[in-house]
Amino acid sequence: MPAIQVAILGSGIFATESHLPAIAALGDAIELKAVYSRSNKSASAFARNAQDVLKLKKPLDIYHDEDPAVSLDALLARSDIAAVIVVLPITVQPGVILKALAAGKHVLSEKPAAPDVRQGRALIKEYESKYKPKGLVWRVAENWEAEPGHRVAQRIIQEGRIGKITYYNARAVNYVDENSKWYKTPWRTVPDYQGGFLLDGGVHTIAALRIILPGQMKTVSAFASLAKDILLPHDTINAVVKSDDGSHGLVELTWGAPTLSRSKEAGNNITITGTEGWIEVTRMNGIIRVSVKTIARDKDGKPTGETAEVIDEKEVGVQREIQGFLQAIHGSDDGVDDPRGTLVDVAFIEAALNSNGAPVDLVELAKV
């Protein structure tokens, strides 16, 4: 299939450190043609990095807000660019997504699907009514949903290897201070969206849970708080969750660890327990490790001990999400990163932030 010609909208840390290597790994399936950023300086720096990483013979075309002749509108008017990858601040993205779709471009936009459920619901309705019938593809770049390691865990559970799911736990304890490269990003330092780092980063953990669990998370009861004053408006969530299959779990999300050791020694992982065993999913040093332990039984079905298996999958979620996006444009859609699914992740964070201990119907909140 011919390479799809793409522009990237955004030139920050994640676009440079994650999207560029993923695009390079996809080879001839994609051709990056242009970059847009609000500033000429940022766009130019990204273009230099891209030329080096992608080994481009011709530099990327540069677009920015400092000159109307090379504005975002000018980029979107180009007929040779079929798709855009949007890696912009959370509150900017909804307007840019709709602008790109209106210009006839396929869109892969970074998670979260929207700053809140209301905006996400409106985006999805407009996409499905106006642009999807025209054959345009919009996907939300939730790399944890696309990670092969998480898909392995999903498959093991679907195969029934750990029996009927009874309970689960997800823990993400993170340490952020003023020196963090993520904190230094201006739109993260003073967030104008709910939850701060909890929305920006917390949706990852929820997305992984969403695809690994066989049941749909239905009810959330939670408390949210602020542990570190620099991480307004909230940095910590503790939630109890009930799924529609009767299983239940605990979710702990925080970016407010007081020391780095609190994060490193927290045991950050996802564990799913069933009637026949349990599974642990851990991110470590560029891989996702899936550890499976099940009851061993003799020929009469009596327990004789337990079996253990460890599966390591390279962390390549960004590459896989872009690859899936390109395949969807070509007409082969695997359903990964569908906006309706990723809206559930936003709904979970929103429910947890506002619950104050009361149960919130997650299914109803995420309904489009």
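Both backbone and side-chain heavy atoms feed into the values below; hydrogens, waters and symmetry mates do not.
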V173: hydrophobic cluster co-members (side-chain, 4.5 Å) |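 Once heavy-atom contacts under 4.5 Å are chained together, V173 still belongs with nothing else.
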
I'd like to know if the side chain of [X] reaches the main chain of [Y], judged simply by a donor and an acceptor atom lying under 3.5 Å from each other, with no hydrogens or angles considered.
X    : Y    : result
D244 : K218 : no
T189 : T185 : yes
T342 : P339 : yes
S180 : V176 : no

Between [X] and [Y]: side-chain donor-acceptor atoms closer than 3.5 Å:
X    : Y    : result
Q194 : D116 : no
Q154 : R151 : yes
T273 : T166 : no
D73  : S71  : no

Picking from I97, V6, L76, I8, what satisfies side-chain contact (heavy atoms from CB on, under 4.5 Å) with V84?
->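 Only match with V84 under side-chain contact (heavy atoms from CB on, under 4.5 Å): L76.
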
Count the heavy atoms belonging to other residues, nucleotides or ligands that lie under 6.0 Å from [atom1] of [X], then report whether that count exceeds 12.
X    : atom1 : answer
K242 : NZ    : no
D192 : CG    : yes
D298 : CG    : yes
D80  : CG    : yes
Y175 : OH    : yes
R78  : CZ    : yes

Less than 4.0 Å between a side-chain N and a carboxylate O, is that true for D312 and R289?
->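 Answer for the salt bridge query: yes.
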
What is the minimum heavy-atom distance between D61 and K58, and which atoms define it?
->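 Smallest interatomic distance, heavy atoms only, reads OD1-CE, 4.4 Å.
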
For residues W138 and H106, establish whether the separation of their ring centroids is below 6.0 Å.
->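 No, ring centres 6.0 Å or more apart.
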
Flag the pair F14 / H19 as yes when their ring centroid distance falls below 6.0 Å, and as no otherwise.
->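 Aromatic pair counts; centres sit under 6.0 Å.
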
For side chain to side chain contact (heavy atoms under 4.5 Å, CB included), just list the numbers for Y168 and M217, CA-CA rounded to whole Å, side-chain angles, deciding distance to a tenth of an Å, and then say yes or no.
-> CA-CA 11 Å; Y168 48 89; M217 291 182 287; 4.1 Å; yes

Using the side chain to side chain donor-acceptor pair (under 3.5 Å) rule, pick out the option among K111, H204, R210 that qualifies with E142.
->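 When K111, H204, R210 are each tested with E142, the side chain to side chain donor-acceptor pair (under 3.5 Å) holds only for H204.
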
